[in-house]
Each structure stands twice: as C-alpha cells, then as structure tokens.
Amino acid sequence: MSSQTLAIIKPDSFRNKNTGKIVDRILSAGFEITAMEQQHLSKKRAEAFYDIHSERPFFHDLIVFMTSGPCVPMALRKNDAVSSFRELIGATDPQSARAGTIRKDFAENVQNNAVHGSDSDDNAAKEIAFFFPSLQIRSN
Ligand code: CMP
C-alpha cells in the first residue's frame with residue numbers, strides 16, 4: 001500500500017548544486033513528489049523540527065547547519081515510503097552508507113549528510129504536516 005514520507009534536501013546539497021541530481025534519483029526510484037518547496041529555515045523552525053534531538057551534543061551545530069542556507073522539503077509517495085526512502089538514502093553517516101546511496105554519493109559528513117528522511121510513519125505524518133500543513137494525506 002502506498003504511503004508518504006518527508007524528505008529534506010539539506011543546505012549542503014543545495015549549496016553544492018546537487019538538488020537536481022538528488023531529485024532525479026528520487027524520481028528514478030519510483031517516488032511521486034506530492035509537495036516540494038524551497039525554504040530557508042529560521043532558527044525557531046529548525047529547532048522545532050529537530051526538537052527530538054534538543055538534548056544531543058550536536059544539536060547546536062545541527063541548527064546552525066540547517067539554517068545556513070536554503071533547503072528543499074518534499075513529501076514523497078510510494079509503497080512503504082519510509083523504509084524505501086531510507087534504503088535509497090543510506091546510513092546517517094556517509095562513511096557507513098552503502099555504495100550507490102544518496103548519502104554515500106553526496107553527503108559531506110555525519111552532520112552535513114545531504115538529505116533527511118522520516119524514520120516512521122507516525123513521524124512522517126507529523127513532519128509532512130510541519131512543512132505542508134494543507135497537504136491531504138491519502139491512505140491508498
Ligand atoms: P537527520 O536524518 O536529518 O536526523 C538528525 C540529524 O542530526 C542527522 O540527519 C544529522 O544531520 C545530524 N546528526 C546525527 N548524528 C550526528 C552526529 N553524531 N554528529 C553530528 N550530527 C549528527
């Protein structure tokens with residue numbers, strides 16, 4: 001059954017002019033883009049999005065990075081979208097990511113790791129609502 005996930009093309013990818021190449025990988029992997037918008041996150045919005053990591057030692061630097069330039073959040077649809085997208089992007093740390101994954105090919109390091117992907121259906125719904133509050137989520 002098709003479902004949705006939230007992806008973000010992060011500021012490192014945007015800065016390195018990899019947005020188009022990453023979108024091409026996503027479409028070639030069979031995802032439908034149901035929403036997409038270039039945004040430059042404020043500190044407040046970035047902190048709200050990554051609130052779950054607020055106690056982590058890397059939180060401050062993560063917020064500086066995510067507000068350092070434009071990013072491109074997208075809502076994506078496919079069968080098993082969350083797990084399928086996480087397969088496509090690879091491990092959080094590009095050094096551990098499988099060959100051929102987006103992070104292996106485009107990420108700079110564990111923080112500047114090219115893309116974000118939701119880690120569960122529940123978080124995908126929350127994250128899609130965060131960036132695209134008026135998007136209707138179909139369940140078929
Ligand atoms: P993301 O999948 O968007 O979820 C949380 C983000 O925090 C992660 O990608 C990285 O950008 C960042 N992150 C996770 N672990 C570390 C780490 N050990 N050091 C620095 N940044 C990290």
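Counting starts at 1 for both ligands and their atoms, following the listed order.
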query = For S68 and R15, what are the C-alpha separation, side-chain angles and deciding distance, and is it a side chain to side chain contact (heavy atoms under 4.5 Å, CB included)?
reply = CA-CA 10 Å; S68 66; R15 213 172 359 256; 3.2 Å; yes
message = What verdict does the salt bridge (Lys or Arg N to Asp or Glu O under 4.0 Å) test give for D105 and R25, after you've listed the backbone C-alpha separation in whole Å, the side-chain angles of each residue and the deciding distance to 0.1 Å?
response = CA-CA 11 Å; D105 293 343; R25 296 262 188 121; 2.8 Å; yes
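The side chain of K10, and not its backbone, has at least one atom closer than 4.0 Å to an atom of ligand 1 (non-hydrogen atoms only; side chain from C-beta on).
Residues E37 and F132 have side chains in contact (heavy-atom distance under 4.5 Å, counting atoms from C-beta outward).
Taking R98 as the reference, E87 meet the salt bridge (Lys or Arg N to Asp or Glu O under 4.0 Å) condition, with sequence neighbours excluded.
Within ligand 1, the atoms closer than 4.0 Å to a non-hydrogen atom of N113 are 8 (C), 9 (O), 10 (C), 11 (O), numbered from 1 in the order shown. Taking every non-hydrogen atom of H116 and a distance limit under 4.0 Å, the qualifying atoms of ligand 1 come out as 1 (P), 2 (O), 3 (O).
As a member of the Ile/Leu/Val/Met/Phe/Trp/Tyr network built from side-chain separations under 4.5 Å, F106 groups with I9, F14, I22, V23, I26, L27, F31, I33, M36, V72, M74, L76, F85, L88, I89, I102, V115.
When D61, V110, D93 are checked for heavy-atom proximity to atom 10 (C) of ligand 1, V110 turns out nearest.
The shortest heavy-atom distance from R103 to ligand 1 is under 4.0 Å.
For ligand 1, none of its N or O atoms has an N or O atom of N112 under 3.5 Å away. The shortest N or O to N or O distance between Y50 and ligand 1 is below 3.5 Å.
When only non-hydrogen protein atoms are considered, atom 11 (O) of ligand 1 lies nearest to Q111 O, 2.8 Å. Distance from atom 14 (C) of ligand 1 to its nearest protein heavy atom, with residue and atom name: F58 CZ, 3.6 Å.
Note that the CZ atom of F130 and the NZ atom of K126 stand 13.0 Å from one another [nearest 0.5 Å].
Other residues, nucleotides and ligands contribute only 12 or fewer heavy atoms inside 6.0 Å of the NE2 atom of H60.
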